[in-house]
Amino acid sequence: MTTFPMPADEAEARAVQDALRTRVVLDETGPPPGTGHVTGVDVAYDEERDVVVAAAVVLDAATLGVVAESTARGTVSFPYIPGLLAFREIPTVLAALEALPVDPGLVVCDGYGLAHPRRFGLASHLGVLTGLPAIGVAKNPFTFHHEQPGPRRGDSSPLLDEGEEVGRALRTQDGTKPVFVSVGHRTGLDNACAHTLALARDFRQPETTRRADALCRSALREALA
DNA sequence: GCGACAG
DNA sequence: ATCTTGTCGC
């Protein structure tokens, strides 16, 4: 089981990010869409009772059918601070991933990867710790800027941090708000977008995220019941 | 100092 | 993330 050293404060957390960011692999294309496994991870909280539940759901990339799923319970070990989300989510997510009976394949995170103040968001952090290819698909543009992509499914525009493309605003369904895709680890941006589009076949959000979100919420309710 | 700010 | 009913639209 992977242990996760929890930083004592914000400065230490940022130092950890600066140290680990050198281990992100960006020269791999990543697994081709539509083959193998794709795994969604997500976390739900009850701040009052100090309970965190993470879920991991493995889908068959070709059919989007569920292959396996797992959950893990933990405690709230870090506050939400923009730019430091990974420290809040990763410990429990790691436990859920390790409980899976099959290889996760590509991991799809609810958040960002390289699109991050220090280029080391949740998806990159999780990728480096597990060695797995990982991407981030976020619902909000965070601190970045973008032009509106075209109106149709598949249309996209660059997500920019002071002129540098750190990800892409990708329209996954006609007439819905775009999602924000960035590379995490061992994956290219074009491929990350192709995966996102394939996974968002029926809804705005990737099926991986939808399944993981539903699972960690229901598991949290049980944990409290 | 103020505003913005993944989940 | 989470607090929360009904309601507008396909």
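Chain A is the first sequence line, chain B the second, and so forth, proteins listed ahead of strands; every chain is numbered from 1. Everything quoted here is computed from the prediction, not taken from an experiment.
Per the geometry, NE2 belonging to A:H125 stands 18 Å off P belonging to B:dG7, to the nearest Å. Note: CZ (A:F87) to C1' (B:dA6) measures 14 Å, nearest angstrom. The OH atom of A:Y112 sits 11 Å away from the P atom of B:dC5 (whole-angstrom rounding). Atom CD of A:E89 is separated from atom P of B:dA6 by 12 Å (rounded to the nearest Å). Between A:H146 atom NE2 and B:dA6 atom P the separation is 13 Å, expressed in whole Å.
When side chains are defined from C-beta on, A:H185 does not count as touching A:S124, because their heavy atoms never get closer than 4.5 Å.
Donor-acceptor pairing under 3.5 Å is lacking for the side chains of A:Y80 and A:E89.
Taking the charged nitrogens against the carboxylate oxygens, A:R73 and A:E222 have no contact shorter than 4.0 Å, which rules out a salt bridge.
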Would A:R211 and A:D42 satisfy salt bridge (Lys or Arg N to Asp or Glu O under 4.0 Å), going step by step from the backbone distance to the final call? CA-CA 9 Å; A:R211 290 310 235 293; A:D42 197 13; over 6 Å; no
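Counting only heavy atoms from C-beta on, A:T143 has its side chain closest to B:dC5 among B:dC5, B:dA6, B:dG7.
Close to B:dG7, at under 4.0 Å from its OP1 or OP2, lies a side-chain N or O of A:K139. Applying the 4.0 Å criterion to OP1 and OP2 of B:dG7, one finds that A:Y45 has every side-chain N and O outside that range. Contact between the side-chain N/O atoms of A:N140 and the OP1/OP2 oxygens of B:dG7 is found at a separation under 4.0 Å.
Under the 4.5 Å side-chain heavy-atom criterion for grouping Ile, Leu, Val, Met, Phe, Trp and Tyr, A:F120 is connected to A:L129 within one hydrophobic cluster.
Backbone-only contact: A:A44 has heavy atoms under 4.0 Å from sugar-phosphate atoms and none from a base. When heavy atoms are screened at a 4.0 angstrom cut-off, A:G136 is found touching no nucleic acid atom at all.
Within a 6.0 Å radius of CZ in A:R23, other residues, nucleotides and ligands contribute 12 heavy atoms or fewer.
For DNA chain C, the contact window with chain A, defined by any atom under 4.0 Å from a protein heavy atom, covers C:dA1 to C:dT2 in 5' to 3' order.
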